Amino acid sequence: MKRSIPLAICLIMGIAMMIQFFVPHPASVAFYDLTTKWVRIVAAFALVLGTGSLVMYHVDKLQRRRRGWYYSIVTLTAAAATSVIGLGWGVRPGSPLQDIIFSNLLVPLNSSMFAILAFYMASAAYRAFRARTKEAALLLVAAFVVMLGMVPIGANVPFFWFLVVMAGALIVAGLVTRSKALFIGTGALVVGLLVWLAFSGFKVPRLMLPDTAEWVLSVPNMAAKRAILFGIALGGIATSLKVILGIERGWLGGGKQ
Amino acid sequence: MISLLILLLAGQAALLDTGAAPLAPPAPPVAVRAFDTPNDAGKSITLSWNAGEGPAHEAWIIERTAAGIEPEVIATNKPGETGYLDEGVKDRVGYTYRIAAVAGIDTVWSQPSAPVTCAPQLFNADRLNILIAMVIFFALIIYYIETAKKGKNLFVRRIAGLDAVEEAVGRATEMGRPIIYVPGLGGVSDIATIASLNILGEVAKKVAQYDSALLVPNRDPIVYTVAREMVRESYTKAGRPDAFKQDSVFFITSEQFAYAAAVDGLMAREKPATNFFLGMFWAESLILAETGAQTGAIQIAGTDSVFQLPFFITACDYTLIGEELYAASAYLSREPLLLGSLKGQDYGKIIILAIVAVGSALLLLSGIPALSILARIADFFSVR
């Protein structure tokens with residue numbers, strides 16, 4: 001019973017919501033609105049459980065004097081202070097909860113965390129752009145084209161000259177590392193450049209770096225994104241179907257049948 | 001008072017007498033059509049008309065009439081706008097419409113439209129293509145699930161990130177350090193979160209078998225409740241119900257960056273051997289993954305957010321890309337029923353690829369005037 005009733009509810013509601021998607025009738029829309037309200041109500045009850053978990057976790061940490069227990073004092077004090085201020089003075093604009101806790105504490109703290117992202121991006125980019133593999137080297141070149149194409153200095157750079165400089169850099173890298181693969185790659189690039197030049201009547205092709213950057217973003221990048229999105233859409237539908245049909249039932253948790 | 005009136009009238013006459021030739025009245029609109037807006041919840045009528053042949057106009061005036069109600073001007077359109085959606089009507093009441101072309105002081109009315117009533121529809125015909133696709137896709141999945149039930153061996157390609165789960169859990173045991181599992185920041189209604197919770201069940205089973213420590217910080221209270229039950233169930237299935245610690249799955253906060261800060265702190269203090277970031281992530285993905293990388297943990301990430309994937313690929317050892325996240329629970333558990341659904345998914349992708357190819361060919365060919373009808377066939381595949 002503990003499992004079959006939730007499974008039956010899941011099956012009925014899953015099919016009902018699927019039908020709802022195809023029915024524009026006001027009764028169908030009202031049903032959708034009603035279920036959305038139910039979700040909010042369930043979430044409100046779950047929040048009580050969540051708060052209970054938070055308090056229990058930190059009280060236990062304090063009692064056992066586990067590593068970093070003093071941070072739990074800050075957490076519990078902040079939770080208690082927020083509750084008291086919210087219950088005592090309300091949550092309207094102008095209340096201490098809004099003015100002190102939200103505007104002067106939470107917003108700046110959130111902004112600080114968000115700002116850290118810039119530094120993490122720099123360190124992640126450094127790690128990604130170390131051209132240790134062929135894929136990483138390709139990523140480095142593509143990223144360099146896009147970055148240079150997006151800044152003012154890149155606006156006047158023909159893509160051809162960019163590739164010539166790149167070929168020069170590869171030759172130097174090949175001489176330093178004595179890598180056979182690097183020499184083959186550089187040779188292929190030089191031959192490609194000569195063929196391109198010949199097809200352009202031995203004049204520097206007019207393709208500029210920003211155009212190339214735009215092409216990288218809108219063609220290969222977009223194609224890869226769409227391929228991933230196809231997979232995500234189908235995977236999402238399949239997962240939903242498995243849950244609705246009760247094939248995937250891990251979400252039921254423990255308990256007797 | 002009289003002299004003031006004379007002055008005013010004189011002024012008006014002076015304004016009107018510009019000396020220009022009087023403008024010809026505009027042609028009345030033709031082919032005025034009013035019909036119940038298709039595929040909607042009712043209370044809406046769509047109007048369309050064409051400009052008549054003749055002098056230009058400056059605006060359209062739309063008038064609505066119902067039985068027992070005085071005619072009412074409901075809108076004014078710009079000259080190029082020959083359509084209107086009237087959403088101020090009641091269901092099952094007859095309405096007629098007139099459109100007027102306005103030029104200067106001339107207003108020329110069209111013939112009234114035929115009476116029309118509106119009503120809610122029971123099926124959205126615009127979504128017929130989605131329904132057909134859904135039925136085909138469901139049929140494929142159910143067929144392959146049935147095939148799997150009969151014991152047929154189904155091939156699933158290797159996914160490096162999932163093969164590494166066993167190694168990652170083993171590493172944590174050897175090092176005597178915990179495993180942190182972040183089930184994403186999405187709610188329980190996100191498919192990525194459901195997929196993540198399914199993987200959590202499998203990971204928790206291995207953790208129980210290896211006798212490692214597991215920490216599952218949560219952002220959503222409902223996800224927290226489900227995650228706790230799943231971990232408890234996994235420990236029971238692994239035959240180690242006593243090893244489950246109630247406080248290993250805990251709720252932190254619903255605030256995005258406060259949650260990221262708390263998990264960062266947890267990683268910095270506990271120095272986990274392995275981090276799992278599986279589910280729905282936003283801007284905090286890199287903050288979490290970079291901190292984890294700096295602590296030296298093996299990191300396995302997976303999300304269906306294409307914007308966060310590059311960050312995970314950069315900062316983590318293994319990344320499950322998009323659908324691999326959904327396939328993970330089947331891959332790890334090797335349950336035939338789940339593997340069958342994976343096979344159905346793959347055939348669904350083949351059909352989509354075929355439709356993309358056929359649709360592209362149809363649209364390219366529709367450029368030839370004699371084959372313009374192909375564009376309408378291709379339009380059937382578009383989502384409205």
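Chain naming here is simple, since letters A, B, ... match the order of the sequence lines and numbering starts at 1 in each. Quick caveat: nothing in here was measured; it's all calculated off a predicted structure.
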Go through the atoms of [X] and report whether side chain, backbone, both or neither lie under 4.5 Å from a heavy atom of chain A.
X        : result
B:Ile313 : neither
B:Phe250 : both
B:Glu324 : neither
B:Ile141 : side chain
B:Leu266 : side chain
B:Phe307 : side chain
B:Asp247 : both
B:Ile321 : side chain
B:Asp126 : neither
B:Phe138 : both
B:Asp304 : both
B:Glu284 : neither
B:Leu309 : side chain
B:Ile287 : both

Rounded to the nearest 0.5 Å, the CG atom of B:Asp346 sits from the NZ atom of B:Lys349 at a distance of 4.5 Å

Separation between CD (A:Glu214) and CG (A:Asn221), nearest 0.5 Å, reads 10.5 Å

I'd like to know which of [options] tops the heavy-atom pair count under 4.5 Å against chain A.
options                                : value
B:Ile130, B:Leu197, B:Thr225, B:Asn218 : B:Ile130
B:Ser329, B:Ala330, B:Gly42            : B:Ser329
B:Gln294, B:Glu255, B:Gln246, B:Arg228 : B:Glu255

Does any backbone or side-chain atom of [X] lie under 4.5 Å from a heavy atom of chain B? Answer side chain, backbone, both or neither.
X        : result
A:Leu139 : neither
A:Phe45  : neither
A:Leu109 : neither
A:Arg66  : side chain
A:Asp60  : side chain
A:Phe230 : side chain
A:Leu47  : both
A:Met121 : both
A:Ser112 : neither
A:Val243 : side chain
A:Thr239 : side chain

Best-contacting candidate, A:Val42, A:Val39, A:Ile116, A:Leu106, against chain B by heavy atom pairs under 4.5 angstrom: A:Leu106

Among A:Lys225, A:Lys242, A:Arg67, A:Glu248, who wins on heavy-atom pairs under 4.5 Å with chain B? A:Glu248

Decide whether a cation-pi geometry holds between B:Arg127 and A:Phe21; the criteria are a distance under 6.0 Å from NZ or CZ to the six-membered ring centre and an angle within 45° of the ring axis. yes

Distance only, no hydrogens: is a donor on one side chain within 3.5 Å (strictly under) of an acceptor on the other, for [X] and [Y]?
X        : Y        : answer
B:Glu290 : A:Ser123 : yes
A:Tyr120 : B:Thr291 : yes
B:Gln308 : B:Thr303 : no

Check for me whether the distance between the ring centres of B:Phe312 and B:Phe281 falls short of 6.0 Å. yes

For A:Ser103 and A:Ile100, indicate whether the former's side chain and the latter's backbone hold a donor-acceptor pair under 3.5 Å. no

Would you confirm whether B:Glu323, through its side chain, and A:Gly235, through its main-chain N or O, come within 3.5 Å as a donor-acceptor pair? no

In this structure, are over 12 heavy atoms from other groups packed under 6.0 Å from B:Arg269 atom CZ? yes

Can you tell me if CH2 on A:Trp89 sees more than 12 non-hydrogen neighbours from other groups inside 6.0 Å? no

Which pair of non-hydrogen atoms, one from B:Pro221 and one from B:Ser254, has the smallest distance, and what is that distance? CD-OG, 4.3 Å

